[in-house]
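Contents: one structure, followed by commentary.
Position 1 is the first residue of the sequence; numbering continues from there.
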Amino acid sequence: MARFTTRGWWILQREGPRADDCFGAVTCEAPERFAEISRACISGGKEDAVKVGELLGEPGLSLTVAVHGDLDASIEWVHAIDRFPASEFISAGDVALTSGQWWPAVSADAYVRDLADAGVLALGFGLTSTVTDLPSHLVTACERGGLTLFLVPVEVPFVRVIKSFVAAQRRVWERPLRRHLDYYETFVAALREDRSLGSMLESLSSGLGSPIGLVADRETFGVDSTDGMHAIPLLSEGVLDAELFSTLEPGSFSVEQRAVLSVGVPFIALEIERIRSVRRAVDGYTRELFTWLRSGEQDEVSVLARLRSLGVEEVDGLAVVAVWNPDPEAVLLATRRAAGQHAAAAPFDDAVLVCVSGEDVIARLTQGLPSTASAGVGSAGGPGRLRLSLIQAEHALALARRSGPGSIVGADELNSPSTVLYSQASDLMRETGAALLAPLREYDGARGGQLMQTLEVFLRTGGRWSIAASELYIHPNTLRHRVQLIEQITGRSLDSTRDRTDFDIAIELAAQSSR
């Protein structure tokens, strides 16, 4: 079975008990017309697409049109984006959502012109607690560019607009499918009550007269375990693969049982498409949050709005956890299980960054990480300290990775400047340190001496002669002779604070390199 991409999936849990949501779409061996039905459900033409005017009229969004453009244009996708130029990330037929983070660095005319040149159909401006009115310069720019402009109330997060579009598009996709399902009204009625994958699997189980399980995203749904069950041969229909399991041998399915599968599987495919669509939006939203934090361009109001849009309602005790693992998807799975709606996570560069709320959640998350993972944990605080927590987490992760798999380093371990220095040491520093100690290593190797051990003990004991001599089991005069020899060989003085620091850094870097 193929592996799945899961970034952002768990945020969907904020809507309620959707523990059966997962990825993958399946088809089965069934009547030939099933392939045509499934394709019609998943891919609609322009005539089946959601129009701009339909999205703006969606109940519950309270969107207000400020500039009327082509309201009959068909929407390809809805993006939340504050980057400039936005045309690098969106394309013709899209609707853009912005909270104005690009202004005043970029003029409204330049921003709108960039969208119009890319073929964007409409622009939604989201109000915040600090920006309570639609900027007049943006209205003027949209009027010039012939771009539909609408207002998104402060209480409506962008993710809800995107999900409303996905839901509306799904309703369009379902039209041709429903024409083929009249004789299974009971099944369809059940789906109207609950469209979750759990409900669909339950309906399939009832129709087949056999428990049905689904394995996707490394998790099992519908049954406790698939041990002893039979895999049903499935063929991908435009979405990621998954596997259904039945207690009955699939080869023994009757025509009626195969027809039941032909009814239920397209709905599963559509539901997975919906989840994946929202996941893409959430993933990009989460990445943009961490991009803001890294750049320092964010303000506390924007951070709070973004976190709540991602489902993180608790804003006390916020912290960032940076995790490296050979398998990033395993980290996302562990995050989903341990943190649920108390965290937002996404792969970023070569690590997975997790914004977590609550020290108990942080503890559960770090304890549930794979044994091959290394993690750095930033300090907890309010939204205003989140950037500091991110910086700490990434530095702590660098230290944890040097210590090997399973290592977790907290922000409290970064209170030593030398520790941070070691974690960021360049190749030049390491080679310089090795060159400083090389004469002593050569001397010990050629003469069976103990100058390196003497130097390490002398520095560790703070240069206290009697304590160092006692630990080395030698007379203080012997220690003085060795120290003099170290100074002669290296040309450094152990009475010098600077030279002692150089020796100490060189020894620590050498120890890290040998781990």
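- Classification of Asp349 and Arg287 as a salt-bridged pair fails, no side-chain N sitting under 4.0 Å from a carboxylate O.
- Between the side chain of Thr128 and the backbone N or O of Val131 there is at least one donor-acceptor pair closer than 3.5 Å.
- For the side chain to side chain contact (heavy atoms under 4.5 Å, CB included) test, residues two or more places apart in sequence or in another chain that qualify with Asp350 are Trp324, Arg401.
- Relative orientation of the His137 and Trp103 rings is parallel, given thresholds of 30° and 60° on the angle between their planes.
- A donor-acceptor pair under 3.5 Å is absent between the side-chain atoms of Thr220 and the main chain of Val215, judged by distance alone.
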For this session: Decide side chain to side chain donor-acceptor pair (under 3.5 Å) for Asp117 and Ser87; before the verdict, give the C-alpha distance in whole Å, the side-chain angles of both, and the deciding distance to 0.1 Å.
Result: CA-CA 8 Å; Asp117 290 344; Ser87 55; over 6 Å; no
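- If you take CD on Glu431 and CG on Leu509, they are separated by 10.5 Å, rounding to the nearest 0.5 Å.
- The local environment of CZ in Arg364 is crowded, with over 12 non-hydrogen atoms from other residues, nucleotides or ligands closer than 6.0 Å.
- Side chain of Asp94 to backbone of Val120: no donor-acceptor contact under 3.5 angstrom is found.
- Side-chain atoms of Thr148 come within 3.5 Å of backbone atoms of Gly69 as a donor-acceptor pair (strictly under, hydrogens ignored).
- How far CD of Glu58 is from NZ of Lys163: 13.5 Å, rounded to the nearest 0.5 Å.
- Note on ring orientation: taking the six-membered ring where Trp is involved, the planes of Trp102 and Tyr111 are parallel (angle under 30°, cut-offs 30° and 60°).
- Under the 4.5 Å side-chain criterion, counting only non-hydrogen atoms from C-beta, Leu386 is in contact with Cys355.
- No side-chain heavy atom of Val356 sits less than 4.5 Å from a side-chain heavy atom of His342.
- In this structure, Arg306 is positioned above the aromatic face of Trp292, its NZ or CZ under 6.0 Å from the six-membered ring centre and within 45° of the axis.
- Using a cutoff of 4.0 Å between basic side-chain nitrogens and carboxylate oxygens, Glu288 and Arg83 are not scored as salt-bridged.
- Side-chain contact, Ser107 with Asp109: no donor N or O sits under 3.5 Å from an acceptor N or O.
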For this session: Kindly determine whether Gln101 and Ser302 satisfy side chain to side chain donor-acceptor pair (under 3.5 Å), including the steps that lead there.
Result: CA-CA 9 Å; Gln101 296 296 321; Ser302 299; 2.9 Å; yes
